[in-house]
Each structure stands twice: as structure tokens, then as C-alpha cells.
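Worksheet for the structure shown next.
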Amino acid sequence: MSTLAHTMMTAARSADSGLAGPGELDRYPYAEAPSPDRVGTPSWEGAEQELGRVGRRAAGSRGRGLHGQLVQQLGQMIVSGDLGADRPLVPEEIGQRFEVSRTVVRESLRVLEAKGLVSARPNVGTRVRPVSDWNLLDPDIIEWRAFGPQRDDQRRELSELRWTIEPLAARLAAGHGREEVQQRLGDMVEIMGHAMGQGDSLTFSRADAEFHSLLIQVAGNRMLEHLSGIVSAALQVSGGPVTGCERPNDAALAQHSRIVDALASGDGAAAEGAMRQLLTVHPEVERVVPAPREH
């Protein structure tokens, strides 16, 4: 028990470096300079000049020096609307404004293009893309939306997505039960109960997160597992509850136990119903969908 709880508290996440591969730097011609008659050139008034002070929140680009910090700064400005759709981003101007090298600018724009925030075209330059082109499940974009004017929409959309994914996963998991996974799920519920009694919300949330991750894995649907992993990561960076339990409470613990019992008996309908009840315990989800009726 103590070993499992310790594992919950010390788990760490890693991220890809996001650096450009060979031959990719020239995609953003640095020689492009703003002309006096350029229309829609972005204003950098109010932008954070000292890049060392940005990017402190958890995000995929965090902790990577000037490159990651510039990605963070420009991404926040785009997502917040400070740099609107179709606005030109002149690499030379960005470099001068933030006092970074052309390599840093090119790498940062490459990362933003991969996220769907900007596009670079010959004879057109680099421009901000509309929201419809953004990768809204990218953890960085989730974070930037979480701290911007779209925060409420993002939280609602994530709740709706989870309401679709997790009850289905619970139903499927009832038909793919494995003894070792069943035991592990039971262990997580036991850890959660112990942590709640000790007032240890961190251990509770770690065990809660692993419970939901295991449940998705045992559902036997790799696409569903991948999508759920993205949502889980998004919830972590957005500052929301990772699994639907805003805080440790008896109702949430009881629903987790009901799910484990339903899986053990192979009752998919009961597992699905218990998961819906668990998600509805969270007030944000309750605003999205009505609570299931008692029969």
C-alpha cells in the first residue's frame, strides 16, 4: 500500500523536445521585413519583453529556454486574440521585439505551425490561422485557453468530451476484465479511501487518475485510450480536476467502488451507470448534462 501511494506521489511526466529536424530552419525566411504599407502588422504593445518571466505554468514548451518561452508568449497572444486571425508575423520583427536570435524565432514559429496556430507560405509569409485550424487538444493550447478569455468554453468542452468517453470505456471494460487489472483498480480505491481519511488530497488525486487510466486501458480500444490520454493531459495543464473528482468525498469514493464491483461481475450497464454518476458528482459536468434518473 505504501509503495503504491509513494508511486502516485512521485510519478513524473516527460515531453518531446519540439526541436526542428535537419533542413527545416529555412522554412521561415528571416529576411522578411515589415514594409511601411504593410496592412495588419501586429502591435507588440503590452507584450512581455523579459522572456524569462513567461511560461511558468505547466506546458509542453515549458523549461526549454528562450525557444520554449517565445512559443509560450506568442501562443498566449494568439489564443487570447491579441494577434488575430490572418495577422502577419514577421520573423525579423519578432526577433527584434523579444531580443532573440533568428534560430529561436524560426524554431518557435515551427512549433506554433505544428499546433495549427500559424501557417508559413511562400510569397505570403507567416500568418495567424483561424481557431477552426487550431489543434484544440494540444496541451499547450489547452493551457493558453485556460488562462484566457475562452476558459469557460474550454472547461465545458472538456467535460462534454469526458462524458462521452468514460462511460463507454467503463461499459467496454466490463467485457475485458483481467484479474491483475481488477486487483489494481481495487488497490486504487483502497488508496483513495486511506488518503481521504488522512486528508491527503495529492495521493487521492494520483490514485484517482491511475484508476481512470487503467479503466481506459482495459476497455480494449486503442483509439479510445489515446483520446482519453489527451484529455487527461489537457485537464492537468488547464488546472481542472484530472478525473472528475474536484475534491475527495464519500460520494466519489462510493461510485469508484461501484465501478469496480460492476467490472468484477461483468455488468457493463452497471459500470457505465456508475461512471455517469461519478462524473455528475463534479458540478461543471452537472451543468453540461442532467444527472441520470434513478430507476
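Pairing each heavy atom of Asn249 with each of Phe204, the nearest pair is N-CZ, 4.5 Å. Pro130 and Ala85 get closest at one heavy-atom pair: CA-CB, 4.0 Å. Taking each heavy atom of Ala207 and Ile191 in turn, the nearest pair found is CB-CG2, 3.7 Å. Of all heavy-atom pairs spanning Leu253 and Val189, the tightest one is CD1-O, 3.7 Å. Of all non-hydrogen atoms in Leu263 and Ala174, the two that sit nearest each other are CD2-N, 3.4 Å. Minimum heavy-atom separation, Ile259 to Met275: CD1-CE, 3.7 Å.
Considering CD of Gln217 and CD of Glu210, their distance stands at 8.5 Å, rounded to 0.5 Å. Atom CZ of Arg162 sits about 11.5 Å away from atom CG of Leu227, to the nearest 0.5 Å. Rounded to the nearest 0.5 Å, atoms CD1 (Ile78) and NZ (Lys115) are 11.0 Å apart. Put simply, CD on Glu99 and CG on Leu66 are 10.5 Å apart, with the number rounded to the nearest 0.5 Å. Interatomic distance, Met192 CE to Ser201 OG, rounded to the nearest 0.5 Å: 12.5 Å. In this structure, CG in Leu136 is found 7.0 Å from CD in Glu157, a value given to the nearest 0.5 Å.
At least one side-chain heavy atom of Asp208 sits less than 4.5 Å from a side-chain heavy atom of His256. Within the 4.5 Å cutoff, side-chain heavy atoms of Leu224 are placed close to those of Leu172. Leu74 is listed as a side-chain neighbour of Leu112, based on a closest heavy-atom distance under 4.5 Å. Leu279 places a side-chain heavy atom less than 4.5 Å from the side chain of Pro167. Side-chain contact between Val260 and Phe211: present, with at least one pair of heavy atoms (C-beta onward) separated by less than 4.5 Å. Between Arg127 and Arg87 there is no side-chain heavy-atom pair separated by less than 4.5 Å. The side-chain heavy atoms of Leu161 and Leu137, taken from C-beta on, include a pair separated by under 4.5 Å. Val128 is not listed as a side-chain neighbour of Asp86, based on a closest heavy-atom distance of 4.5 Å or more.
More than 12 heavy atoms of other residues, nucleotides or ligands sit less than 6.0 Å from atom CG of Asp153.
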Would you sort out whether Met77 and Gln73 count as a side chain to side chain contact (heavy atoms under 4.5 Å, CB included), showing the intermediate values?
-> CA-CA 6 Å; Met77 295 177 71; Gln73 182 67 61; 3.7 Å; yes
Walk me through it: do Ile165 and Ile216 pass the test side chain to side chain contact (heavy atoms under 4.5 Å, CB included)?
-> CA-CA 9 Å; Ile165 293 172; Ile216 297 293; 4.2 Å; yes
Determine, step by step, whether Leu278 and His212 satisfy the side chain to side chain contact (heavy atoms under 4.5 Å, CB included) criterion, reporting the C-alpha distance in whole Å, the side-chain angles of both residues, the deciding distance to 0.1 Å, and the verdict.
-> CA-CA 11 Å; Leu278 174 59; His212 287 256; 3.6 Å; yes
Audit row: Glu113, Arg110, salt bridge (charged side-chain N to carboxylate O under 4.0 Å, His left out) steps and yes/no = CA-CA 5 Å; Glu113 184 180 30; Arg110 187 194 69 84; over 6 Å; no
Walk me through it: do Asp200 and His194 pass the test side-chain hydrogen bond (donor to acceptor under 3.5 Å, both in side chains)?
-> CA-CA 9 Å; Asp200 185 353; His194 178 76; over 6 Å; no
CA sep, side-chain torsions, deciding dist, call: Asp250, Met196, side chain to side chain contact (heavy atoms under 4.5 Å, CB included) | CA-CA 9 Å; Asp250 291 331; Met196 188 171 68; 3.1 Å; yes
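Taking a cutoff of 4.0 Å between a charged side-chain nitrogen and a carboxylate oxygen, Arg156 and Glu160 qualify as a salt bridge.
Contacts classified as salt bridge (Lys or Arg N to Asp or Glu O under 4.0 Å) and involving residues 251-273 (residues at least two apart or in different chains) are given here: Arg171-Glu272, Glu272-Arg276.
Here the side chain of Ser213 pairs no donor or acceptor atom with the backbone of Ala209 at under 3.5 angstrom.
A side-chain donor from one of Trp144 and Gln72 sits under 3.5 Å from a side-chain acceptor of the other. No donor-acceptor contact under 3.5 angstrom links the side chains of Asn221 and Glu225, judged on distance only. In this model, no donor atom of one side chain and acceptor atom of the other lie less than 3.5 Å apart for Arg145 and Gln154.
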